[in-house]
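Just so it is clear, the model here is predicted, and its values are computed rather than measured.
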Amino acid sequence: MTTGGDPRPPYAALMTGLEGADLGALQRDVASALAKAGVVFGEDDEPFRVDPVPRLLAAELWTPLARGLIQRTRALDAFVRDVYGRQRIVHEGILSAETIASADYFEPLLQGTLDDERRWITIAGLDLVRCPDGDFRVLEDNVRTPSGLGYMLAARRATLGLVPAGGLEPEPLEPSLEWLGRALRAAAPERAAGDAVVAVLTDGPGNTAQWEHRLLATELGVHLVRPGDLRLRDGDLWAHTEDGEVRLDVVYRRTDEDRLGDPRGGLTALAELLLEPWRRGRLGLVNGFGAGVADDKLVHAHIEEMVRFYLDEEPELESVPTWDLTEPGALERALENLERLVVKPRGGHGGAGVVLGPDAGPEELERTARALRDSPADHVVQEIMPLSLHPTICDGRLVPRHVDLRPFVVLGDDEGHVVPGGLTRVAFAEGEMIVNSSRDGGAKDTWVVPG
């Protein structure tokens, strides 16, 4: 809104269109469209919730943001390659060896065993917040097995044509499938010679995003397989599919199991199948095992330095200020300001274990302070950046609700692409700051439109 209370461009046309709409009926129509398409999320196949009011991003804002997203993802890809290679970033004193070795998703089995220049990160989903100054900043990086691309498509298909948008038309999302398909094929071994056999690997029932896995396999025209469909033969990975047994060139990993080692010190069942053909260059993985080291929240505190180190460029997209509590003075400063900070467990996800200082009572703050003193390296703190509020339909009326944004970056043989808009996540509960489907959240379609 402007200081006078009027909608900012390009929202004026949208808000005018919504003024005369039956918002309750619009909400039911979108829910019906999603149900007809079978869109579900969660272990119990719960209906996926989409708010009908799209988020609008002007092209003049989106263009530099997309450029910054690609730059950041290229730096993360270079970091993962370096982590399992020479670790120049450690030798140059930018990141400590302990920070890398203690990251949850660091895979020591890969250290020094892959000597080529393969791409580790093909698809990234970065969580952004829009700050009071109008700039977007990165809250978290997601490059292990990022989800949401299929739900982004579902949100667009369920809402476009139903929302009275006053003549606004968003940039289309469909090219993103072509970009992803090309990037998957680009991950194939040279022997594939442009005719790569690709599969989406899913757990099937029980995986919270199994609907998305089926959708992407169908839309991309590739196989959908489960771990039980796979076997090794003569050093190659083969799969039982509806077309019979096929040799796979690329696996797009979307399983919950994404570790190489099991708790007993051996290989996981999935690693037994995928590791050797991938390590020997006979199989492409999207994304590669071990890429999750770049998701580590302590690593997140140093990504701007990575951009300068690996790309020799200044960062075009900044992180939400994140404090590495192992650095001199950082722990003391955090303890003095705990009621004004967000505390996150280093390896958590989905909002689990997050403490919002302003909302915490004295006892919770004291417990948190003890945890930080006992194990500062197991936590990070971030400065609070108020999430944007966006008009959202609740109980048939428009109300402000907190949102963040998950755009998707696809890296292939070229410089990369960013899906125009991405998935806006919304918290439906009043005042809720954690926007996550596992916390009663949902999504909005996100439109890139002329300014």
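- Of all non-hydrogen atoms in Arg254 and Ala209, the two that sit nearest each other are NH2-CB, 4.2 Å.
- Evaluation of the side chain to side chain donor-acceptor pair (under 3.5 Å) test over residues 262-272, restricted to residues two or more places apart or in two chains, returns Asp262-Arg264.
- Both tests do not hold together for Arg259 against Phe289: distance to the six-membered ring centre under 6.0 Å, angle to the ring axis within 45°.
- Classification of Arg72 and Asp141 as a salt-bridged pair holds, one side-chain N sitting under 4.0 Å from a carboxylate O.
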**Report entry** Worked verdict on Asp312 versus Arg308 for salt bridge (charged side-chain N to carboxylate O under 4.0 Å, His left out)
**Finding:** CA-CA 5 Å; Asp312 195 24; Arg308 299 183 184 99; over 6 Å; no

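- Side-chain N/O atoms of Thr322 and Gln382 include a donor and acceptor closer than 3.5 Å.
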Query - Check against salt bridge (charged side-chain N to carboxylate O under 4.0 Å, His left out), Arg346 and Asp104 - result: CA-CA 8 Å; Arg346 183 177 171 187; Asp104 266 1; over 6 Å; no

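- Of the N and O atoms on the side chains of Thr99 and Ser96, at least one donor lies less than 3.5 Å from an acceptor on the other residue.
- Between atom CD of residue Glu276 and atom CG of residue Asp236 there is a gap of 12.5 Å, rounded to the nearest 0.5 Å.
- In the model, Asp295 has no side-chain atom that pairs as donor or acceptor with a side-chain atom of Asn142 under 3.5 Å.
- Not counting sequence neighbours, Arg373 has no partner by the side-chain hydrogen bond (donor to acceptor under 3.5 Å, both in side chains) test.
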Query raised in the report: So Tyr151 and Trp211, ring pair (Phe, Tyr, Trp, His ring centres under 6.0 Å) or not? Walk me through it.
Result: CA-CA 9 Å; Tyr151 292 103; Trp211 176 87; 5.3 Å; yes

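- Glu43 and Asn207 form no side-chain donor-acceptor contact under 3.5 Å, judged by distance and modelled atom types alone.
- With respect to the salt-bridge test (charged N to carboxylate O, under 4.0 angstrom), the residues Arg340 and Glu383 do not qualify.
- Among pairs with a residue in residues 400-428, those fulfilling ring pair (Phe, Tyr, Trp, His ring centres under 6.0 Å) read Trp179-His417, at least two apart in sequence or across chains.
- With Trp447 as the aromatic partner, Arg55 does not meet the cation-pi criteria of under 6.0 angstrom to the ring centre and within 45 degrees of the ring axis.
- To the nearest 0.5 angstrom, Glu314 atom CD is 8.5 Å from Gln71 atom CD.
- In the model, His223 has no side-chain atom that pairs as donor or acceptor with a side-chain atom of Tyr252 under 3.5 Å.
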